[in-house]
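Here the structure is laid out as structure tokens; the discussion comes afterwards.
The sequence lines fix the lettering, A, B, ..., with proteins before strands; numbering per chain opens at 1.
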Amino acid sequence: MSPDELRRKASELGISEEKRKEEKKGLPPLPNVEMWGYVKTRFAPNPDFVIHLGNARAAILSHEYARMYNGKFVLRFEDTDPRIKTPIPEAYRAIEEDLEWLGIRWDEEYIQSLRMELYYDVIRKLLEEGKAYVDLCPADVFRKFRNEGKPCPHREEDPATQLERFDKMLEGCYGEGEAVIRIKTDLTHPDPAVRDWVAFRVIDTSRNPHPITGDRYVVWPTYNFAAAVDDHVLGVTHILRGREHAVNTIKQMYVYRHMGWRYPEVINFGRVSIEGFILSKSRIKELLKRYRRMFLGYDDPRFGTIASLRRRGILPETIRELILELGVKGTDATVSWENIASLNRKIGDRKCKRVFVVLNPVRVVLTNLETPLQVRIRFHPSENLGERQYLLSRPEIVISRDDAEHLRSKGGLRLMEFANIEYIEEKNNSIVAKVVKGGVEVAKAKGYRIVQWIPVEHAVRVTIYEASGKRLRKRRAVGESILRNLVGEVVQMIRVGFGRIDSAVGNSVDVIYAHS
RNA sequence: GCCGCGGUAGUAUAGCCCGGCCAAGUAUGCGGGCCUUUCGAGCCCGUGACCCGGGUUCAAAUCCCGGCCGCGGCACCA
């Protein structure tokens, strides 16, 4: 076919060249949207800790797809295990804050521990219809039956007995481990994990109270049951989750088949990790428990939690773009820090204030500077981010040792946004220099460096915390006093790197370093 | 051990379903140039990949088979 023919064919089929380009940029389309008639997605975290980048992937993709199709997005807390993955009261709000920070808005919010009656209603129906049963076998006894593909004696008993036992469970007649409810599946299913999986178990909430419902319930649905019911009841059309959930999809389909429901479309994506970072919730929890004093908290810059990334100056747009770039591929992805840094730099370059921080400071005395002198320095050369002013009453500034070296060998340099200076001599551990005429052009013509500088009388102590693998390096530096007013902001420390002003106490400022 | 998923440049991703617009696109990294009051950003040029072996076909990154490697699941966790 000639190019012309191809183009004609393409337009017949409704494909335009522009359309192809657009598709390339965004996420791939969701399957079977027409069949459902609408799109509803959900993010379902366990509030047992703050979320990390991997969780954020599910949240961002789900949210993004809902937006793409003008659909709805649901936040659902899966807190049905008060014993092993005990929810933390503060985590509910912390997760909401992380999502808000990421720019995610949800249309509906649910908490599973507040929906227990719903799960009881559904399981009652399944028991009545002989599609589930109360299993009184000890775990190891059942496992034997299951591995042989044989039914345990309780499976065959009639619905009346099942319902009776269910009521006894609710009344607290069985202790932990004495009774579970199982969904009837296929006892010969090749994957033993799928065979008659557990839908409810007994948890002694007088010993392990639930942070929201206390000891009100002792019969708790498992993840697979609660999620299966909710996804249907809430009208979820598309589930986006990590591929560790692949078997759960198979398990949950049995509930749908029994109830005559239609199972949502499922997309399983791979795990994300950041090169050199700790992402795993359980690993972070363990580290914090055992070596509490060695970390700054759950948002320590060495962790991959959203709070950590935020605290060290990664912008929400960076995370969003990163995740959308990863897409929905089923393979695991190890993103390099270089890549995150590059994205963050690009986005931050435009919107972050630029400030002066000097490493290895050396004092420079300017012999011919007339003081007092008011100096204004813009926060950004091209964007309108405001300015700061300093009143110089003494002609003393600091620059970095490295730049001082250059000043001596090259004979001069330019103090950014201020003046060109020339070297005279070295005296009492200070450099003596003089201000000379001319602007940037002159400095460039002479091959002078253009450097950051700080008036001695407006200097504050700066500690830069830099995550470097498992270590947290501390670097001492000097910064301009305006930093004290910038707590919480992400800034570009000119020629040093990006970071976030973490705190300011008296004349000391802590900065968490993001990247160069 | 048993079940399942996947392997495109250093890293990540597009293309694979529906074989030929692919001598493989993009981002980052690296090298060079331009621009810029930063060693940052921007612009331009260059660099570099279809896991291996068979098969089907006029034609395979794309389909089939085998191997190797990686990952996930096998909880009364989510």
Side-chain angles (χ1 to χ4, degrees), chain A residues 1 3 6-7 10 20 23-25 28 44-48 55 78-81 83-87 112 135 138-139 142-143 146-147 176-182 189-195 197-203 219-220 222-224 226-227 241-251 268 270-272 275 281-282 321-322 324-327 329-343 345-350 352 354 356 377-378 381-382 402 414-420 439-441 443-444 448-452 492-498 515-516:
Chain A
M1 251 189 267
L6 275 172
R7 221 162 284 144
R20 283 189 76 156
E23 274 174 345
K24 262 193 150 163
K25 284 222 160 174
N46 179 341
D48 65 339
N55 306 123
E78 306 208 319
D79 56 348
T80 60
D81 178 18
R83 183 177 44 188
I84 298 167
K85 289 198 174 167
T86 316
Q112 288 191 323
D135 174 24
F142 179 83
R143 196 169 306 130
R146 176 242 256 159
N147 291 345
E176 286 184 4
E178 289 174 10
V180 296
I181 302 180
R182 295 184 179 276
H189 194 282
D191 188 346
V194 173
R195 299 174 194 167
W197 51 271
V198 173
F200 285 83
R201 76 291 209 195
V202 173
I203 294 175
V219 179
W220 287 87
T222 57
Y223 158 77
N224 272 309
R241 60 184 167 202
R243 30 179 223 154
E244 65 269 22
H245 286 291
V247 191
N248 295 327
T249 300
I250 299 167
K251 290 189 186 181
N268 294 110
R271 291 160 76 102
V272 214
E275 186 188 62
K281 276 188 192 180
S282 49
E321 277 196 25
L322 178 79
L324 294 182
E325 202 171 279
L326 291 184
K329 214 182 162 188
T331 47
D332 294 346
T334 306
V335 304
S336 65
W337 184 248
E338 277 289 353
N339 232 302
I340 297 179
S342 164
L343 266 174
R345 234 180 255 131
K346 203 168 295 177
I347 294 166
D349 195 76
R350 225 169 8 94
C352 294
R354 300 179 182 188
F356 294 163
I377 309 166
R378 291 172 295 164
S382 52
D402 188 49
R414 175 165 181 82
L415 303 173
M416 197 178 279
E417 295 263 348
F418 182 41
N420 297 340
V440 197
E441 317 71 39
K444 278 189 171 173
Y448 288 171
R449 270 190 196 171
I450 299 161
V451 311
Q452 77 277 27
Q492 182 184 162
M493 298 171 282
I494 287 182
R495 302 205 305 148
V496 175
F498 284 79
H515 50 76
S516 56

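With contacts defined as side-chain heavy-atom distances shorter than 4.5 Å, the pair A:N268/A:R241 qualifies. By the 4.5 Å heavy-atom criterion applied to side chains, A:E275 and A:N339 are not counted as neighbours. Using a 4.5 Å heavy-atom cutoff, the side chains of A:T222 and A:W197 are in contact.
The residue A:R345 sits close only to the backbone: its heavy atoms come under 4.0 Å of sugar-phosphate atoms, none of a base. Within the nucleic acid shown, A:N339 comes within 4.0 Å of at least one base atom, counting heavy atoms only. In this structure, A:E417 reaches the bases: a heavy-atom distance under 4.0 Å links it to at least one base atom across the strands shown. Among the protein residues, A:E325 comes within range of the sugar-phosphate backbone only, with heavy atoms under 4.0 Å from sugar or phosphate atoms but none that close to a base.
Looking at A:N248, its side chain never comes within 3.5 Å of a backbone N or O of A:N224 through a donor-acceptor pair. Using a distance-only test at 3.5 Å, with no hydrogens or angles considered, no donor-acceptor pair links the side chain of A:R243 to the main chain of A:A246.
For the pair A:R449 and A:D402, the salt-bridge criterion is met [side-chain N within less than 4.0 Å of a carboxylate O]. Ion pairing between a basic and an acidic side chain is recognised when a charged N comes within 4.0 Å of a carboxylate O; A:D81 and A:R201 show such pairing.
When the C1' atom is compared between B:A75 and B:C30, the two are found 48 Å apart, to the nearest whole Å. Nucleotides B:A24 and B:U47, compared at atom C1', are 16 Å apart to the nearest Å. A gap of 35 Å separates the C1' atoms of B:U56 and B:G73, to the nearest Å. Taking atom C1' in both B:G48 and B:A9, the straight-line distance is 5 Å, to the nearest Å. B:U57 and B:G67 are spaced 23 Å apart, taking the C1' atom of each and rounding to whole Å. Rounded to the nearest Å, the gap between the P atom of B:A49 and that of B:U11 is 13 Å. Between the P atoms of B:G40 and B:C51, the separation comes to 35 Å (whole Å). Rounded to a whole angstrom, the distance from the P atom of B:C35 to that of B:G53 is 49 Å.
With hydrogens and angles ignored, a donor-acceptor pair under 3.5 angstrom links the side chain of A:D349 to the base of B:G40. Judged by distance alone, with hydrogens and angles left aside, A:R354 brings a side-chain donor or acceptor within reach of the base of B:U38, the pair sitting under 3.5 Å. Side-chain atoms of A:E441 and base atoms of B:U37 include no donor and acceptor less than 3.5 Å apart.
In this structure, A:R414 and A:A443 approach most closely via the heavy-atom pair CB-CB, 3.7 Å. Contact detail for A:I494 and A:Q452: the closest heavy-atom pair is O-NE2, 3.3 Å. Listed here is the closest heavy atom pair of A:D79 and A:P87: CB-CG, 3.6 Å. Taking every heavy atom of both residues into account, A:A227 and A:E78 meet most closely at CB-OE2, 3.8 Å.
Closest to the side chain of A:T331, from the set B:G29, B:C74, B:G6, is B:G6. The side chain of A:R243 has B:G70 as its nearest neighbour among B:U38, B:G40, B:G70. Comparing B:A27, B:U37, B:G40 against the side chain of A:K346 picks out B:A27 as the nearest. Relative to the side chain of A:K329, the nucleotides B:U37, B:U38, B:U8 differ in distance, and B:U8 lies closest.
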At a cut-off of 3.5 Å, list every protein nitrogen or oxygen paired with a nitrogen or oxygen from nucleotides 75-78 of chain B, distance to 0.1 Å.
| from | atom 1 | to | atom 2 | distance (Å) |
| --- | --- | --- | --- | --- |
| B:C76 | O2' | A:R83 | NH2 | 2.9 |
| B:C76 | N4 | A:A139 | N | 3.3 |
| B:C76 | N4 | A:G177 | O | 3.0 |
| B:C77 | OP1 | A:R83 | NH2 | 2.7 |
| B:C77 | OP1 | A:R201 | NE | 3.3 |
| B:C77 | OP2 | A:R201 | NE | 2.2 |
| B:C77 | OP2 | A:R201 | NH2 | 2.6 |
| B:C77 | O3' | A:R201 | NH2 | 3.2 |
| B:C77 | O2' | A:D81 | OD2 | 3.2 |
| B:C77 | O2 | A:K85 | NZ | 2.4 |
| B:A78 | OP1 | A:T80 | OG1 | 3.1 |
| B:A78 | OP1 | A:R201 | NH2 | 3.0 |
| B:A78 | OP2 | A:Y223 | N | 2.6 |
| B:A78 | O3' | A:E78 | O | 3.3 |
| B:A78 | O3' | A:E78 | OE1 | 3.3 |
| B:A78 | N6 | A:N248 | OD1 | 3.4 |
| B:A78 | N6 | A:N248 | ND2 | 3.0 |

Let's test your reading of the pairing rules: Watson-Crick or G-U wobble, both distances under 3.5 Å, then write RNA chain B as a dot-bracket string with ( ), [ ], | and dots. (((((((..((((......[....))))((((((.......))))))...(((((..]....))))))))))))....

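Both A:G327 and A:A246 lie close to RNA chain B; mapped to their nearest nucleotides by heavy-atom distance, the more 5′-ward contact belongs to A:A246.
Computed from coordinates, the A:D402 CG to B:U38 P distance equals 17 Å when rounded to whole Å. Going from atom NE2 of A:H189 over to atom C1' of B:C2 covers 13 Å, rounded to whole Å. Residue A:I450 contributes atom CD1, which lies 12 Å from atom C1' of B:C39 at whole-angstrom precision. If you take CD of A:E321 and C1' of B:A12, they are 14 Å apart, rounded to a whole angstrom. One atom, NE2 of A:H515, and another, P of B:U11, lie 22 Å apart when rounded to the nearest Å. Here B:G29 presents its C1' atom at 7 Å from CD of A:E338, a figure rounded to the nearest Å. Remark: C1' of B:G72 and CG of A:D191 are 12 Å apart, rounded to the nearest angstrom. Per the geometry, CZ belonging to A:F356 stands 9 Å off C1' belonging to B:U38, to the nearest Å.
Not counting sequence neighbours, the partners of A:E176 by the side-chain hydrogen bond (donor to acceptor under 3.5 Å, both in side chains) test are A:R83.
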